[in-house]
Amino acid sequence: MNQKIKQLTAEVWTEQLLGQYLLFGLLGKLLYSIPDKALLNQVIEGDLFDEAPFATDNPDVAEGLTLLQQWREQYQQPAKHEEVLIKAQVDYMRLFALTERLPLAPWESFYGNDERLLFQESMLDVRHWYARFGLELVNAHREPDDHIGLELLFMGHLAQLGLKAVEEGNTLNLEQVLAAQRGFLTNHLLKWAPRWCDQMVQHARTDYYRGLALVVRGALLALSQLLQVEAPVAEAARS
């Protein structure tokens with residue numbers, strides 16, 4: 001473990017890991033499926049778009065939250081509620097449906113080959129990471145494991161394991177979790193997610209998805225800085 005990271009106290013790690021667990025868990029849920037009224041109402045009632053529990057100083061996160069707050073204000077207007085929700089759902093289908101006309105897709109392996117094939121080697125490696133750290137997927141083997149939402153949920157899962165290690169005073173387990181975060185960032189998320197976020201900001205038609213993309217990009221950058229991981233140059237998404 002890096003000497004600077006070693007110097008962080010248990011209290012600081014608790015704050016950092018709890019923030020990661022909450023933020024990446026929420027982002028993963030919101031990006032994994034079509035906007036759901038029940039989940040959105042829960043997020044809004046909990047004021048979860050007001051501030052980020054992690055990466056609060058990152059400018060992308062701040063800008064993303066501003067967009068999400070603007071979207072929320074429209075969503076909460078009774079006269080516009082259904083229209084705003086439907087627009088977000090349509091945006092999801094337009095952005096995430098796998099068609100040749102679209103410039104992006106939510107699966108890592110989509111960007112790793114010229115044929116845009118899913119279920120490739122990178123996805124199998126992602127599946128191995130999940131299994132190694134006990135993340136069980138509801139739809140395992142029925143859909144690609146390398147969806148952006150699932151990869152973010154995995155980062156939240158690792159943060160939860162790190163929290164448990166801190167609570168137990170288990171330095172070895174904490175080091176293993178942090179090493180896993182660094183490894184998954186380096187070998188997977190940082191190779192494609194920043195570029196995916198750029199494309200999302202460019203092509204989304206709602207503040208909801210533009211905001212989420214900015215928060216994801218900022219949170220990943222903040223985590224890479226915390227763990228002192230040099231972000232590799234993301235490959236351009238194939239169009």
Undergrad: If you measure from CG on D198 to NE2 on H203, what distance do you get to the nearest 0.5 Å?
TA: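 Interatomic distance, D198 CG to H203 NE2, rounded to 0.5 Å: 10.0 Å.
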Undergrad: What's the shortest heavy-atom distance between L152 and F24, and which atoms?
TA: O-CB, 3.4 Å
Undergrad: Any side-chain to backbone donor/acceptor pair from R210 onto A204? Under 3.5 Å, distance only.
TA: yes
Undergrad: With the side chain counted from C-beta on, respond yes when V126 and Y130 share a heavy-atom pair under 4.5 Å apart, and no when they do not.
TA: yes
Undergrad: Do the side chains of L124 and H128 get nearer than 4.5 Å, heavy atoms only?
TA: no
Undergrad: To the nearest 0.5 Å, what is the distance between CG (L153) and CG (L158)?
TA: 11.0 Å
Undergrad: With clusters defined by side-chain heavy atoms of hydrophobic residues (ILVMFWY) lying less than 4.5 Å apart, directly or transitively, does M93 cluster with M200?
TA: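 They do share one cluster, since a chain of ILVMFWY contacts under 4.5 Å joins M200 to M93.
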Undergrad: Over 60° means perpendicular and under 30° means parallel, so tell me whether W196 and F96 are parallel, tilted or perpendicular.
TA: tilted
Undergrad: Is it the case that over 12 heavy atoms from other parts of the model lie below 6.0 angstrom from the CD atom of E51?
TA: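 No, CD of E51 has 12 or fewer neighbouring heavy atoms, counting only those of other groups under 6.0 Å.
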Undergrad: Around atom CZ of F184, are there more than 12 heavy atoms from other residues, nucleotides or ligands closer than 6.0 Å?
TA: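 More than 12 heavy atoms, drawn from other residues, nucleotides or ligands, come within 6.0 Å of this atom.
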Undergrad: For the residue pair K80 and Q74, what are the closest heavy atoms and their distance?
TA: CB-O, 3.7 Å
Undergrad: Assess whether side-chain contact (heavy atoms from CB on, under 4.5 Å) is satisfied between L161 and F133, documenting all intermediate values.
TA: CA-CA 9 Å; L161 295 179; F133 289 92; 4.1 Å; yes
Undergrad: Determine whether the side chains of E151 and W192 contain a donor N or O and an acceptor N or O closer than 3.5 Å.
TA: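 Short answer, yes.
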Undergrad: Checking E108 side chain against H147 main chain: does a donor-acceptor pair fall under 3.5 Å?
TA: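 No; judged by distance alone, with no hydrogens or angles, the pair does not exist.
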Undergrad: Please give me the minimum heavy-atom distance between T14 and L163, naming the atom from each residue.
TA: O-CD2, 3.6 Å
Undergrad: Hey, are the side chains of L17 and V166 touching, using non-hydrogen atoms and a 4.5 Å cut-off?
TA: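 Yes. Closest side-chain heavy atoms under 4.5 Å.
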Undergrad: Taking atom CD as the centre, does E11 end up with more than 12 heavy-atom neighbours from other residues, nucleotides or ligands that are less than 6.0 angstrom away?
TA: no
Undergrad: By the salt bridge (Lys or Arg N to Asp or Glu O under 4.0 Å) test, which pairs, at least two apart or in different chains, include something from residues 16-37?
TA: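 Qualifying pairs: K37-E82.
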Undergrad: Answer with yes or no whether the side chains of D125 and H188 bring together a donor and an acceptor at under 3.5 Å.
TA: yes
Undergrad: So do L65 and D50 actually touch side chain to side chain, heavy atoms under 4.5 Å?
TA: no
Undergrad: Tell me, with the steps shown, if I148 and L189 meet side-chain contact (heavy atoms from CB on, under 4.5 Å).
TA: CA-CA 8 Å; I148 182 67; L189 272 168; 4.0 Å; yes
Undergrad: Hydrophobic cluster membership, with links at side-chain heavy-atom distances under 4.5 Å among I/L/V/M/F/W/Y: are V43 and L67 in one?
TA: no
Undergrad: Side-chain heavy atoms nearer than 4.5 Å, only ILVMFWY residues, links allowed to pass through others: does that put L212 and V201 together?
TA: no
Undergrad: Do you know the tightest heavy-atom contact between A193 and L220?
TA: CB-CD1, 3.6 Å
Undergrad: Dump the intermediate steps for side-chain contact (heavy atoms from CB on, under 4.5 Å) on V177 and H157, then the final yes or no.
TA: CA-CA 10 Å; V177 168; H157 176 71; over 6 Å; no
Undergrad: Do N58 and V215 come within less than 4.5 Å of each other through their side chains, counting heavy atoms only?
TA: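 When only atoms from C-beta onward are counted, V215 and N58 do not touch, as no gap falls below 4.5 Å.
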Undergrad: side-chain contact (heavy atoms from CB on, under 4.5 Å) between L40 and R72: does it pass, once the steps are laid out?
TA: CA-CA 9 Å; L40 287 173; R72 178 188 61 188; over 6 Å; no
Undergrad: Starting at CZ of R127, measure out to CG of D145 and round the result to the nearest 0.5 Å.
TA: 4.0 Å
Undergrad: What distance separates R195 CZ from R217 CZ, expressed to the nearest 0.5 Å?
TA: 11.0 Å
Undergrad: Of all heavy-atom pairs between V61 and A52, which one has the smallest distance, and what is that distance?
TA: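 Shortest heavy-atom separation between V61 and A52 comes out as CG1-CB, 3.7 Å.
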Undergrad: Decide whether Q181 and Q20 meet the rule of one side-chain donor and one side-chain acceptor closer than 3.5 Å.
TA: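 Q181 vs Q20: donor-acceptor pair found between side chains.
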Undergrad: Do you know which two heavy atoms are closest between A213 and C197, and how far apart they sit?
TA: O-SG, 3.4 Å
Undergrad: Taking the side chain as everything from C-beta on, heavy atoms only, tell me whether L31 gets closer than 4.5 Å to V216.
TA: yes
Undergrad: Treating S224 as the side-chain partner and L221 as the backbone partner, does any N or O pair qualify as donor plus acceptor under 3.5 Å?
TA: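 Judged by distance alone, yes, a pair lies under 3.5 Å.
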Undergrad: W71 vs Y208 aromatic rings, parallel, tilted or perpendicular, using cut-offs 30° and 60°?
TA: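 Tilted.
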Undergrad: Got a second to check how far Q199's CD is from Q202's CD, nearest 0.5 Å?
TA: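 The CD atom of Q202 is 5.5 Å from CD of Q199, to the nearest 0.5 Å.
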Undergrad: Donor-acceptor pairs under 3.5 Å, side chain of residues 84-91 to any protein atom, not counting sequence neighbours: which ones?
TA:
residue, atom, partner, partner atom, Å
K87, NZ, E83, OE2, 3.2
Q89, NE2, P35, O, 3.2
D91, OD1, R94, NH2, 3.0
D91, OD1, R205, N, 3.3
D91, OD2, R205, N, 3.0
D91, OD2, T206, N, 3.0
D91, OD2, T206, OG1, 2.7

Undergrad: Between Y75 and N41, does a side-chain hydrogen bond (donor to acceptor under 3.5 Å, both in side chains) hold up when you go through it step by step?
TA: CA-CA 10 Å; Y75 179 78; N41 288 343; 3.1 Å; yes
Undergrad: Going from CG on L214 to OH on Y209, what distance comes out if it is rounded to the nearest 0.5 angstrom?
TA: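 The CG atom of L214 sits 14.5 Å away from the OH atom of Y209.
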